[in-house]
Amino acid sequence: MQAEQGCTVYDAAKQISEGLSRAAVAGAVNGTVVDLTFPLDQDCSLEILTFEDDRGKKAFWHTTSHILAQAVKHLYPEAKLAIGPAIDNGFYYDFDMEHSLTAEDLREIEGEMKKIVKTGERLERFTLPREEALELMKQEPYKRELIEELPEGEEISFYKQGDFTDLCAGPHLFDVKPVKAIALLSATGAYWRGNEKNKMLQRVYGVSFPKKSMLDEHLEKLEDAKKRDHNKLGRELELFTTSDLIGQGLPILLPKGARIIQLLQRFVEDEEQKRGWQMTKTPLMAKSDLYKLSGHWDHYQEGMFVMGDEEKDKEVFALRPMTCPFQYQAYLNRARSYRDLPLRYSETSTLFRNEASGEMHGLIRVRQFTISEGHLMCRPDQLEDEFKSCLELTMFMLKTLGLYEDVSYRFSQWDPNDREKYIGTPEQWDEAQSTMKRILDHLEIPYRIGIGEAAFYGPKLDIQIKNVHGKEDTLITIQIDQMLAEKFGMEYVDSDGSKKNPYIIHRTSIGCYERTLALLIEKYAGAFPAWLAPVQVKVLPISQNYVDYTTQLVAKLEAAGIRVEHDTRNEKIGYKIREAQMEKVPYMLIAGEKEQEAGSVSVRSRRDGDLGGMPIDDFIGKLLIEVQTRAR
RNA sequence: GCUGUCUUAGCUCAGUUGGUAGAGCACUUCCUUGGUAAGGAAGAGGUCGGCAGUUCAAAUCUGCUAGACAGCUCCA
C-alpha cells in the first residue's frame with residue numbers, strides 16, 4: 001500500500017473500515033507481524049490481522065500472558081518473571097516463586113486479570129541500550145539472563161502497560177481492553193529454559209478470547225476431548241486395564257482390546273508379506289555384548305531393562321529396546337550377494353523400554369509394547385525406491401485406518417552440538433541426512449525439521465500425530481542408517497566382486513499396536529469401523545420367548561466369522577438397546593414375533609440408523625462386504 | 001526423574017473441627033413377558049491404595065511408599 005506521513009497499521013485498518021479497525025489485533029507488514037501502532041513509512045504489503053488469524057491469536061494471547069504476569073506481580077510481588085509466550089492453543093507464563101499456586105489461587109489471579117482489563121491500559125513499546133535495560137530489570141534475574149544473551153546490536157524492546165513492564169519482542173494488542181474472556185487452566189512445573197538441570201519454575205497455562213461465548217465453546221471442546229480420551233474410554237469399553245501390582249506402563253489388554261490388536265496385526269502381517277517382506281522371530285533378550293556392539297550399551301542403556309550386574313555376574317542380559325541388532329544377525333546368517341538385495345525383514349516385535357516414571361500415559365507411552373517393525377537392507381541405487389515403498393506402505397495403512405489426514409511429517413536430524421548422543425562422524429551424518437533430504441524433497445513430503453530428534457545412528461522421517469489433548473507423538477518412523485551395517489560387519493558382494501556395506505532402512509508400517517489403538521479409540525470415540533470392532537453385531541431378542549430364534553441367528557453369524565454378542569438377559573428391549581449403544585456396537589439385530597415368522601431380523605446400524613427388516617443372509621452378505629472393504 | 005493435584009463399593013462420587021463408612025448406577029435373586037435410552041422389590045458388596053507414626057480413638061493429622069492425572073524433561 002501507499003505510505004502516508006504518520007500513518008500506522010491501525011490508521012490503515014480504519015481507512016478500510018471502522019469494523020475492521022475494531023477487530024484488528026495486529027498487522028503483518030511484508031510478512032512480519034507488527035503492532036497496530038507500527039508506523040507505515042515505506043511502501044509495503046500490509047495485512048490487518050484479527051483474532052480469526054492464527055498470527056492475530058498469538059498476539060492476543062501473548063498480550064494476555066503479560067496481563068497474567070501483571071496480575072501475579074500484583075498478588076505475589078516477590079515472584080520473578082521468566083518467559084510468557086503464546087502457544088498453539090493459548091498462552092503460558094513461567095514464574096519463580098516460593099508459594100505453589102493452587103486452583104483457588106488461579107481463580108484469584110483470573111479476577112485480578114479482569115480488573116487489569118477493565119483499566120483499559122495501553123501497551124507502550126520502548127527500547128533501551130543494554131546497560132539501561134539491565135538496570136531496569138535489576139530485580140528480574142531471568143530477564144537479565146535473557147538480555148545478556150541478546151546478540152550485540154540487537155534491539156532490546158520493552159512493553160509497558162500501567163504499572164507493569166516486560167522485556168518483550170512483541171507484537172502486542174493496542175491496549176488490554178479486547179481481552180474479554182480469560183480462563184487459567186492449570187499450574188504446573190517447568191524447567192527454566194527447558195533444561196532439567198535448571199531450576200523448576202511454576203508455569204501457568206491459560207487461554208483467552210474477545211468474547212465470552214468463544215471461551216465457553218472452547219471449554220466445551222476441552223470437555224468433549226476428555227470424553228474421547230483413550231485412557232478413559234479404553235478402560236470404560238474394557239479394551240484395557242492396568243494393575244498396581246504389575247506396574248506402571250504395563251497395560252493389560254482385555255479380550256476386546258486384544259481382539260482389535262489381533263485384527264490389526266493380521267492385516268499388517270498379510271499386507272507386508274504381499275509387499276515382499278519376510279517375517280522373522282528373534283529373541284526378546286540378548287547378552288550385553290550385542291548391545292555393546294550396536295552402541296545401545298553406550299547410548300541407550302538408561303532406556304533398557306538390564307538383568308544382572310556386570311561386576312558380579314558372568315553373563316548380563318538385557319531385554320531388547322529395539323529389534324535392529326537381532327535382525328542383523330539374520331542377515332549375517334550367510335554371505336550376501338548384490339542379487340539378494342533388497343532384503344526385507346519384518347517382525348511383530350515386542351520391545352521393552354525403561355521409560356522415566358513420569359512418562360507413562362495410558363496406551364500411548366508404555367514400558368512394553370509390540371511394534372510392526374522391519375529392517376530393509378539394500379544397495380545405494382535401491383535406497384530411494386525402497387524408502388518410497390516403505391512410505392507407501394505406511395500411507396496405505398494410515399488411509400485404511402482413517403488417520404491419514406491427521407498426521408504431519410518431521411525430518412528428524414542430529415544435533416551437531418551434542419556429539420555425546422550420536423555415533424558416527426559429521427561427514428557420515430551429512431551424507432545420511434542429505435540422502436534423506438533428497439529423497440523427501442523428491443517425494444514432495446511436506447516436512448518440518450527437528451534438530452536433535454534423530455536416532456543415535458541416523459536421521460528419521462517421523463510421522464507425527466496429535467492426541468485428543470493436542471499432544472504430539474510419533475506414530476510411525478522410517479530411518480536411514482549407514483552406520484550400523486559397518487559396525488556389525490554386514491556386507492554384500494557387489495557385481496564387481498568387491499565387498500560393500502548395505503544401506504539399512506529401519507521402519508514401522510503401522511507403528512506400535514498399543515499406541516495405534518489409543519489413537520484409533522480417540523479418532524472413533526470408541527465406535528470402531530465394523531472391520532475392527534471387537535463386537536460387530538449384538539443380537540437382542542424382544543423377549544425370552546424369542547431366545548431360541550436369536551440363538552439360531554447367532555449360530556449363523558458365527559459360522560460366517562462374524563463377531564457377535566447375544567444379549568439374552570431378561571430385560572426391556574429399550575434397555576438392551578441402550579447398552580448396545582453405549583458399547584458402540586456397529587450393528588444391532590432385533591428379533592421378535594414378526595421377525596421369527598418372516599425368518600428375518602430388524603437391523604439397526606450405528607452409522608445409518610434403522611435399516612428395517614431383512615433376511616439374515618442378506619445382512620451377513622452386507623456386513624462381510626463392509627468388513628472386506630474395511631469401510632469406515 | 002522433576003513440580004503440582006489426587007487415590008473411599010465394579011463405576012461416578014458424598015463423608016462437616018479426628019469418635020472405626022454412605023448415595024446413584026452396575027451386580028445377585030424374585031416379580032414384571034416386553035418393540036427402540038432406565039418397570040418394581042429385596043439382597044450382597046469396602047481393614048477408606050499400602051506400610052509406619054501421633055492419639056484413648058485415624059478415611060480424616062504426620063512420614064515413607066505404590067499407583068493415577070496435568071505439565072516439564074525424555075521418547076515409538
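Numbered from 1 within each chain, the chains take letters A, B, ... in sequence-line order.
- Atom CZ in A:Arg193 sits roughly 20 Å away from atom C1' in B:G71 (whole-Å rounding).
- On a pure distance criterion of 3.5 Å, a polar donor-acceptor pair joins the side chain of A:Glu359 and the base of B:U73.
- Below the 3.5 angstrom threshold, one finds no donor paired with an acceptor across the side chain of A:Gln479 and the base of B:A76.
- Taking 3.5 Å as the limit, the base of B:C75 and the side chain of A:Arg353 contain no donor-acceptor pair of atoms between them.
- Within the nucleic acid shown, A:Gly194 comes within 4.0 Å of sugar-phosphate atoms alone, with no base atom in reach, counting heavy atoms only.
- Counting non-hydrogen atoms under 4.0 angstrom, A:Glu302 reaches nothing in the nucleic acid.
- Across all strands, A:Arg515 comes closer than 4.0 Å to base atoms (heavy-atom distances).
- Of the N and O atoms on the side chains of A:Thr516 and A:Glu514, not one donor lies less than 3.5 Å from an acceptor on the other residue.
- In this structure, A:Asn198 atom CG and B:U73 atom C1' are separated by 11 Å, rounded to whole Å.
- Atoms CD (A:Gln464) and P (B:C74) sit 14 Å apart, rounded to a whole Å.
- Summarising the geometry, the separation between CD on A:Glu223 and P on B:U12 is reported as 15 Å, rounded to the nearest angstrom.
- In this structure A:Arg193 satisfies the salt bridge (Lys or Arg N to Asp or Glu O under 4.0 Å) test together with A:Glu145, A:Glu149, sequence neighbours excluded.
- Residues A:Thr350 and A:Arg320 have side chains that never bring a donor and an acceptor to within less than 3.5 angstrom of each other.
- If you check B:G71 for Watson-Crick or wobble pairing at under 3.5 angstrom, you find it paired to B:C2.
- Remark: the A:Glu595 side chain and the B:G35 base include a donor-acceptor N/O pair separated by less than 3.5 Å.
- Going from the P atom of B:C61 to that of B:G24 covers 27 Å, rounded to whole Å.
- As a whole-Å value, the separation of A:Met360 CE from B:U73 P is 17 Å.
- Going from atom CD of A:Glu579 over to atom C1' of B:C11 covers 13 Å, rounded to whole Å.
- Scanning atom types as modelled, one donor and one acceptor separated by under 3.5 angstrom connect the side chain of A:Tyr191 and the base of B:G1.
- By the salt bridge (Lys or Arg N to Asp or Glu O under 4.0 Å) test, A:Arg607 is found to be paired with A:Glu626, residues two or more places apart in sequence or in another chain being considered.
- Contact annotation for A:Lys226: no contact, since no heavy-atom pair falls under 4.0 Å across all strands.
- With rounding to whole Å, A:Ile87 atom CD1 is found 10 Å from B:G71 atom P.
- Heavy atoms of A:Ile573 sit under 4.0 angstrom from primed sugar atoms or phosphate atoms, though from no base atom.
- Side-chain contact annotation: A:Asp96 with A:Tyr142, donor-acceptor N/O pair under 3.5 Å present.
- Counting any heavy atom pair closer than 4.0 Å across all strands shown, A:Tyr205 reaches sugar-phosphate atoms only and no base atom.
- Remark: the A:Glu595 side chain and the A:Ser600 side chain contain no N/O donor-acceptor pair separated by less than 3.5 Å.
- Across all strands, A:Leu475 comes closer than 4.0 Å only to sugar-phosphate atoms, never to a base (heavy-atom distances).
- Atom CZ in A:Arg365 sits about 8 Å away from atom C1' in B:A76, given to the nearest Å.
- Base engagement by A:Ala356 is indicated by at least one non-hydrogen atom pair under 4.0 Å involving a base atom.
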